[in-house]
Amino acid sequence: MTEHEHRWTTDSTHTTSEGVVIYQRCRCGEHRVALAAPTLQARAAAPAGRGR
Ligand SMILES: [Zn+2]
């Protein structure tokens, strides 16, 4: 068995509430699942209604 540096290619990605789940696989057959943190998109938090 020759060890090699896996060359991961993204198979598919799924956006979940936990972040982005990335399915990757190598040509050797190895595969892995990575989880990328969700990009912090300023959730347009509606400013608390400031009653005049
Ligand atoms: Zn590999």
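It should be emphasised that the depicted structure is a prediction, and the values quoted were computed from it without experimental measurement. When a ligand or atom number is given, it counts from 1 through the structure's own listing order.
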query = For the residue pair Gln24 and Thr10, what are the closest heavy atoms and their distance?
reply = NE2-OG1, 3.6 Å

query = Do other residues, nucleotides or ligands put more than 12 heavy atoms under 6.0 Å from the CZ atom of Arg32?
reply = yes

message = When you compare the side chain of His4 with that of Cys26, does any pair of heavy atoms fall below 4.5 Å?
response = yes

request  = Quick one: give me the number of protein N/O/S atoms under 2.8 Å from the Zn ion (ligand 1).
outcome  = 4

ask   = What do the steps show when you test Val21 against Val33 for side chain to side chain contact (heavy atoms under 4.5 Å, CB included), and what is the final call?
value = CA-CA 7 Å; Val21 180; Val33 180; 3.4 Å; yes

query = More than 12 heavy atoms of other residues, nucleotides or ligands under 6.0 Å from NE2 of His31: is that the case?
reply = no

ask   = So, for Ala36 and Ile22, which heavy atoms are closest and what is the spacing to 0.1 Å?
value = CB-CD1, 4.0 Å

